[in-house]
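To keep things clear, I will list the structure first and then write my remarks on it.
Predicted model, so just to flag it, every value in this text is computed and none were measured. Order of the sequence lines sets the chain letters (A, B, ...), proteins ahead of strands, with each chain counted from 1.
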There are 2 protein chains.
Amino acid sequence: MAETRSVDTRERILDAAEKLFTANGFDGTSMRQITGAAGVNLASVNYHFGSKEALVQEVFRRRLAWLNTERLRVLTTMEQAAGDKPLKPSQIVEGFFGTLLGMAQDEARGGVTFLRLLGRTLTDPADFIRTFLADEYQEVVERYKAALFKALPDVPRAEIAWRFHFMLGATSYAIAGTDALRLVTDWQVDDEDATDRLDRLQPRLMSFLLGGLRAPLPKF
Amino acid sequence: MAETRSVDTRERILDAAEKLFTANGFDGTSMRQITGAAGVNLASVNYHFGSKEALVQEVFRRRLAWLNTERLRVLTTMEQAAGDKPLKPSQIVEGFFGTLLGMAQDEARGGVTFLRLLGRTLTDPADFIRTFLADEYQEVVERYKAALFKALPDVPRAEIAWRFHFMLGATSYAIAGTDALRLVTDWQVDDEDATDRLDRLQPRLMSFLLGGLRAPLPKF
DNA sequence: GTCTATATCATGATAGAC
DNA sequence: GTCTATCATGATATAGAC
């Protein structure tokens with residue numbers, strides 16, 4: 001019985017931590033807040049995860065394991081269907097960023113909460129977290145990069161690399177901007193409610209990303 | 001004499017804080033680190049700024065005052081030259097993001113250090129900092145938004161708004177990515193050294209942003 | 001204006017009973 | 001596995017001498 005509860009406890013801690021990290025950041029969230037929100041004992045975090053740092057990593061691992069698998073699955077499926085021919089850039093972009101945005105509508109995968117957390121964390125100053133994320137992303141990014149190189153053989157690889165980076169940034173901010181920072185969005189655009197906004201984000205973002213990816217090359 | 005030193009002390013604190021905040025984040029930087037690096041006394045931060053929070057705001061205010069003024073000056077100059085005619089989208093994008101990227105080469109304005117800090121901070125979870133930044137940006141963003149609306153009368157305003165947001169995100173990550181996170185950049189692109197990379201960032205980014213801004217509208 | 005010394009508090013982590 | 005109680009640390013902020 002006591003052992004049975006512990007599975008719940010682990011998940012409850014992870015869920016509460018994910019929400020609180022998203023709202024207040026890692027440093028802005030204490031273990032007392034987490035255990036309080038989860039309705040578990042303070043000491044249970046260290047019992048189950050060992051440390052706060054390990055808890056942070058587990059919050060990401062739980063979601064990224066699925067996301068990575070899914071992204072690879074989607075890419076592999078498309079490549080098999082295409083045979084020897086290169087994929088279209090729009091397919092590749094859709095596979096990478098569409099899969100990500102799809103999580104927003106899937107509460108079981110963390111939904112918007114996790115996406116916002118992930119977007120912000122890509123630029124987190126803490127070393128251990130950047131290293132960890134880079135490791136988690138590496139394989140998938142390599143595969144998608146290779147697909148883009150093949151799809152755009154005439155574009156210098158350095159250029160594609162940069163544009164991949166630009167796309168990542170645009171996407172992260174788009175997610176955060178759905179309700180976090182309102183620098184640019186907040187205006188006389190009252191013909192949409194919040195739900196519309198999220199539904200329409202994906203096609204909007206995809207158009208933008210593809211436009212950027214296929215833009216004329218810069219002259220140095 | 002004692003009074004004369006205080007100007008130096010203020011600036012020394014701000015310089016040290018800016019560097020440390022960029023490297024380790026706000027929560028990851030203690031006032032002991034700041035005063036230690038600045039070579040001033042621990043108590044001087046509270047004497048000169050009142051609190052750590054106020055210090056954070058002053059670090060930004062010092063740089064953004066110049067950036068905002070410069071962005072408005074550039075836009076006003078272009079609009080006067082254009083008379084009644086709308087500006088070209090490329091001019092507007094260049095005025096907003098080019099002015100920002102120009103700071104990277106200007107050590108007296110904070111250089112790359114401040115840009116990285118600014119980019120990351122746009123998604124900082126702390127309320128006081130998001131509110132503060134939104135206030136600081138507001139006037140300039142309104143002016144540039146209006147210019148884009150005028151330049152692209154056939155594009156729905158909501159669409160332009162989102163694309164502005166996407167451009168902001170791409171730019172922030174591009175800056176951070178010059179040496180922070182290396183998700184996508186880190187490869188067999190050894191034909192460029194670090195200096196080249198920064199010099200070439202601006203034209204690369206501008207091409208991407210304009211491509212995205214002028215992409216075909218999404219179909220919902 | 002500058003400094004030392006210190007008050008006050010919150011944090012992450014753990015020891016040890018149950 | 002769970003809980004209480006507590007330790008050790010490091011943080012911001014300030015009082016008060018110079």
[X] [atom1] to [N] [atom2]: how many Å, rounded?
| X | N | atom1 | atom2 | value |
| --- | --- | --- | --- | --- |
| B:His48 | C:dG1 | NE2 | P | 7 Å |
| A:Leu20 | C:dG12 | CG | P | 12 Å |
| A:Ile34 | C:dA10 | CD1 | P | 17 Å |

Under 4.0 Å: is that the gap between some side-chain N or O of A:Ser44 and OP1 or OP2 of D:dG1? no

Can you tell me if B:Asn41 touches the phosphate of C:dT4, counting only side-chain N or O atoms and a distance under 4.0 Å to OP1 or OP2? yes

What residue pairs, at least two apart or across chains, pass side chain to side chain donor-acceptor pair (under 3.5 Å) with a residue in residues 66-75 of chain B? B:Glu70-B:Arg73

Quick one: pull up OG1 in B:Thr121 and CZ in B:Phe114 and give me the separation to the nearest 0.5 Å. 8.0 Å

From CZ (A:Phe208) to CG (A:Leu201), nearest 0.5 Å: 12.0 Å

Does anything in residues 21-30 of chain B come within less than 4.0 Å of DNA chain C? Heavy atoms only, and list the residues if so. none

Tabulate atom names and distances for all N/O pairs under 3.5 angstrom spanning the protein and nucleotides 13-18 of chain D.
unit_1 : atom_1 : unit_2  : atom_2 : d
D:dA13 : OP2    : B:Lys52 : N      : 2.9

Aromatic plane relationship, A:Phe96 with A:Tyr137 - under 30° parallel, 30 to 60° tilted, over 60° perpendicular: tilted

Relative to each other, are the rings of B:Trp162 and B:Phe166 parallel, tilted or perpendicular (30° and 60° limits)? tilted

For A:Glu18, give me all partners under salt bridge (charged side-chain N to carboxylate O under 4.0 Å, His left out), at least two apart in sequence or on another chain. A:Arg62, A:Arg63

Salt bridge (charged side-chain N to carboxylate O under 4.0 Å, His left out) filter on B:Asp27, not counting sequence neighbours, yields none

Any residue meeting side-chain hydrogen bond (donor to acceptor under 3.5 Å, both in side chains) with A:Gln202, in chain and number order, not counting sequence neighbours: A:Glu94

